[in-house]
Engineer: 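Got a structure for you, questions after.
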Amino acid sequence: RKEVEQDPGPFNVPEGATVAFNCTYSNSASQSFFWYRQDCRKEPKLLMSVYSSGNEDGRFTAQLNRASQYISLLIRDSKLSDSATYLCVVDNYGQNFVFGPGTRLSVLP
Amino acid sequence: DTGVSQNPRHKITKRGQNVTFRCDPISEHNRLYWYRQTLGQGPEFLTYFQNEAQLEKSRLLSDRFSAERPKGSFSTLEIQRTEQGDSAMYLCASSSPGQGAPGSYNEQFFGPGTRLTVL
């Protein structure tokens, strides 16, 4: 079993739709969690950190369920510019990041 | 530009040749990481430094790979006797200590990567 798993997609959604991505991780001792966004042929960039209490940043909401070892990202009112690959990232002991394979999102006009 | 920089951006080489990549992290970041990414996959951890000390190496880092960070600033990643399977994007990232729990670190900032093609 891979340490971080995501549905690779692609998710094809119309503009304005709400879309949710899920991620599961296997290491129960993992400490920190992030969502990164990666555009085609570009480097990953931090979208948001994920906190136990859940957190929201504009149209984006992240949730963490430590008991189920599950992380989610919700995007409301999708924009064309949201089209990208969304990487779930788990940080073990403040050392290396473990990336999921990414979920590809295409927002269609 | 005060972000992470990497050079070269692209490298094409013939199988069996040696290549070296450079990464300049954000200046106040004491941790530096190397990752490899192939098409359709997330980045895979290779190794990381805290200052000049190399603290962890992935089993992906075969003996043909070596990384250094001699003065705790820039880092180099060398691949000897390249193979076609080494073709990938090599990403560098850096981070700084967090203000939370002791030993915690902030998010990693990535450079634009070096795309290696081995013919």
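The structure displayed is predicted, hence computed values, not measured ones. Order of the sequence lines sets the chain letters (A, B, ...), proteins ahead of strands, with each chain counted from 1.
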Engineer: Shortest non-hydrogen contact from Gly42(B) to Leu87(A)?
Structural biologist: CA-CD2, 4.1 Å

Engineer: Which one of Thr85(A), Val98(A), Val89(A), Leu46(A) has the most heavy-atom pairs closer than 4.5 Å to chain B?
Structural biologist: Leu46(A)

Engineer: Among the options Gln6(A), Lys45(A), Arg41(A), pick out the one with the most heavy-atom pairs lying under 4.5 Å from chain B.
Structural biologist: Arg41(A)

Engineer: Pick from Tyr33(B), Tyr35(B), Phe45(B): which one makes a ring pair (Phe, Tyr, Trp, His ring centres under 6.0 Å) with Phe99(A)?
Structural biologist: Tyr35(B)

Engineer: If you count every heavy atom of other residues, nucleotides or ligands that lies below 6.0 Å from Arg104(A) atom CZ, does the total exceed 12?
Structural biologist: no

Engineer: Which heavy atom of Glu107(B) sits nearest to which heavy atom of Phe34(A), and what is that distance?
Structural biologist: CB-CE2, 3.9 Å

Engineer: Could you check whether atom CZ of Arg59(A) has more than 12 heavy atoms from other residues, nucleotides or ligands sitting under 6.0 Å from it?
Structural biologist: yes

Engineer: Nearest 0.5 angstrom please: Phe97(A) CZ to Tyr48(B) OH, how far?
Structural biologist: 12.0 Å

Engineer: Would you say Leu80(A) and Phe11(A) are hydrophobically clustered, going by side-chain heavy atoms of ILVMFWY under 4.5 Å?
Structural biologist: yes

Engineer: Check this for me: Glu68(B), atom CD, are more than 12 non-hydrogen atoms of other residues, nucleotides or ligands nearer than 6.0 Å?
Structural biologist: no

Engineer: Is it true that atom OH of Tyr51(A) has more than 12 heavy atoms of other residues, nucleotides or ligands lying nearer than 6.0 Å?
Structural biologist: no

Engineer: Show, in sequence, the C-alpha distance, side-chain angles and deciding distance for Gln37(B) and Gln38(A), and conclude whether the side-chain hydrogen bond (donor to acceptor under 3.5 Å, both in side chains) test is met.
Structural biologist: CA-CA 12 Å; Gln37(B) 186 175 25; Gln38(A) 187 170 28; 2.8 Å; yes

Engineer: Take atom CD1 in Ile12(B); do more than 12 heavy atoms of anything else shown fall under 6.0 Å from it?
Structural biologist: no

